[in-house]
Amino acid sequence: MPHQVANKRLSRTDGHRKALLRNLATSFFKHEKIETTSTKAKEISKVVERLITQARRGDLHSRRLAAAYLTEEAVAKKLFDQIAPALKDKPGGYTRITKTRVRPGDAAELSLLELVK
C-alpha cells in the first residue's frame with residue numbers, strides 16, 4: 001500500500017495523466033467551470049489553484065510557466081488579464097467543487113468545478 005502519495009493515478013500512465021490535467025486546466029480557464037468526475041475535479045483543483053496563485057504574481061517568469069503548462073496561448077492570456085486581477089484580493093480558495101449527479105452509464109459521481117469570484 002502506497003503511503004503519503006500526493007496525487008491520484010486516475011488509472012492512467014504518467015504521460016496520459018499529465019496530458020489529461022493540462023487539458024482539463026485549459027478547459028477550466030476557457031469556460032470558468034467544468035463538469036467531471038469527483039476524483040478528477042479534486043485533482044484538477046490543486047493544479048488550477050497553483051496556476052492562479054502564479055498568475056496573481058503577474059511577472060514574466062510566471063507567465064512563461066503558465067503558458068508552458070496550458071495548451072492554448074489565448075487561455076494563458078485570459079488567466080493573466082481577466083481571472084487573476086479579479087482574484088487579486090482573495091488569499092486562496094479560488095475554486096468550488098459541487099457534487100451534481102451520478103452518470104447513468106457507469107454510475108460515476110460527477111462534480112461541477114467552478115471559479116469563485
Side-chain angles (χ1 to χ4, degrees):
M1 172 182 265
H3 296 286
Q4 296 181 346
V5 178
N7 299 321
K8 299 267 187 214
R9 289 180 185 243
L10 301 173
S11 299
R12 287 163 172 79
T13 60
D14 289 339
H16 189 186
R17 184 174 54 253
K18 182 179 176 185
L20 172 79
L21 293 176
R22 289 178 66 189
N23 288 330
L24 280 173
T26 303
S27 295
F28 176 77
F29 287 126
K30 184 187 285 186
H31 304 292
E32 296 186 10
K33 64 180 176 182
I34 53 172
E35 186 179 35
T36 184
T37 62
S38 296
T39 308
K40 287 180 193 171
K42 288 177 187 176
E43 289 302 310
I44 197 59
S45 178
K46 296 174 192 176
V47 172
V48 166
E49 298 263 346
R50 286 187 198 117
L51 285 170
I52 292 173
T53 301
Q54 274 184 347
R56 286 180 56 202
R57 273 189 241 133
D59 57 349
L60 181 61
H61 183 62
S62 298
R63 272 185 190 270
R64 287 181 175 167
L65 287 175
Y69 191 82
L70 299 171
T71 59
E72 294 180 25
E73 205 170 303
V75 174
K77 185 169 175 48
K78 179 181 179 181
L79 171 63
F80 278 84
D81 296 343
Q82 296 174 9
I83 297 172
L87 300 170
K88 195 69 174 173
D89 298 329
K90 194 165 177 60
Y94 312 115
T95 59
R96 174 188 306 131
I97 299 174
T98 309
K99 294 180 181 178
T100 54
R101 63 189 173 102
V102 174
R103 190 165 48 201
D106 59 354
E109 187 178 77
L110 296 180
S111 293
L112 182 70
L113 178 69
E114 57 190 343
L115 202 57
V116 176
K117 290 200 176 184

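Every heavy atom of this structure was used, including side-chain atoms; hydrogens, water molecules and symmetry mates were not.
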Q: Would you give the length of the straight line joining atom CZ of Arg17 to atom CG of Asn7, rounded to the nearest 0.5 angstrom?
A: 7.5 Å

Q.
Restricting to non-hydrogen atoms, name the atom on Ile97 and the atom on Ala41 that form the minimum distance, rounded to 0.1 Å.
A. CD1-O, 3.8 Å

Q. Quick one: CZ on Phe28 to CD1 on Ile83, what's the gap to the nearest 0.5 Å?
A. 7.0 Å

Q. According to a 4.5 Å side-chain heavy-atom criterion applied to Ile, Leu, Val, Met, Phe, Trp and Tyr, with indirect links allowed, do Leu87 and Ile34 form part of one hydrophobic cluster?
A. yes

(Q) Could you measure the distance from the NZ atom of Lys90 to the OG1 atom of Thr53? Nearest 0.5 Å is fine. (A) 11.5 Å

Q) Nearest heavy-atom pair of Gln54 and Ala66: which atoms, and what distance? A) OE1-N, 4.1 Å

Q. Has the side chain of Thr100 got a donor or acceptor atom that lies under 3.5 Å from a matching backbone atom of Leu110?
A. yes

Q) Does Gly58 offer a backbone N or O that forms a donor-acceptor pair with the side chain of Ser62 under 3.5 Å? A) no

Q. Would you find more than 12 non-hydrogen atoms of other residues, nucleotides or ligands less than 6.0 Å from Asp89 atom CG?
A. no

Q: Ignoring hydrogens and angles, tell me if any N or O in the side chain of Ser38 forms a donor-acceptor pair with the backbone of Glu109 under 3.5 Å.
A: yes

Q: Determine yes or no for a side-chain-to-main-chain donor-acceptor pair under 3.5 angstrom, with Lys8 supplying the side chain and Lys40 the backbone.
A: no

(Q) Testing Glu114, Glu49, Lys33, Lys46 one by one against Thr95 for a side chain to side chain donor-acceptor pair (under 3.5 Å), which residue passes? (A) Glu49

Q. Does atom CZ of Arg101 have more than 12 heavy-atom neighbours, drawn from other residues, nucleotides or ligands, at distances under 6.0 Å?
A. yes

Q.
Any side-chain to backbone donor/acceptor pair from Arg12 onto Ala19? Under 3.5 Å, distance only.
A. no

Q: With rounding to the nearest 0.5 Å, note down the distance linking NZ in Lys42 to CG in Leu10.
A: 12.0 Å

(Q) With clusters defined by side-chain heavy atoms of hydrophobic residues (ILVMFWY) lying less than 4.5 Å apart, directly or transitively, does Leu112 cluster with Val48? (A) no

(Q) So, using side-chain contact (heavy atoms from CB on, under 4.5 Å) as the criterion, who are the partners of Leu70 when residues are at least two apart? (A) Ala25, Thr26, Phe29, Leu51, Val75, Ala76, Leu79

Q | Transitive ILVMFWY cluster of Val102, excluding itself - 4.5 Å side-chain cut-off | A | none

Q: Just do the salt bridge (charged side-chain N to carboxylate O under 4.0 Å, His left out) check on Glu72 and Lys78 with the steps written out, would you?
A: CA-CA 10 Å; Glu72 294 180 25; Lys78 179 181 179 181; over 6 Å; no

Q.
Looking at Arg103 and Glu35, is there a salt bridge between them, counting it only when a charged N and a carboxylate O are closer than 4.0 Å?
A. no

**Q.** Nearest-0.5 Å distance, NZ of residue Lys77 to CZ of residue Arg63
**A.** 6.5 Å

Q) Do you reckon Leu21 sits in the same ILVMFWY cluster as Leu115, going by side-chain contacts under 4.5 Å, direct or chained? A) yes

Q. Could you give the distance from CG (Leu113) to OG1 (Thr37), rounded to the nearest 0.5 Å?
A. 11.0 Å

Q. Can you check whether Tyr69's main-chain N or O pairs, donor with acceptor, with Arg22's side chain at less than 3.5 Å?
A. yes

Q: Could you give me the CA-CA distance, side-chain angles and deciding distance for Val47 and Glu43, then say whether side-chain contact (heavy atoms from CB on, under 4.5 Å) is met?
A: CA-CA 7 Å; Val47 172; Glu43 289 302 310; over 6 Å; no

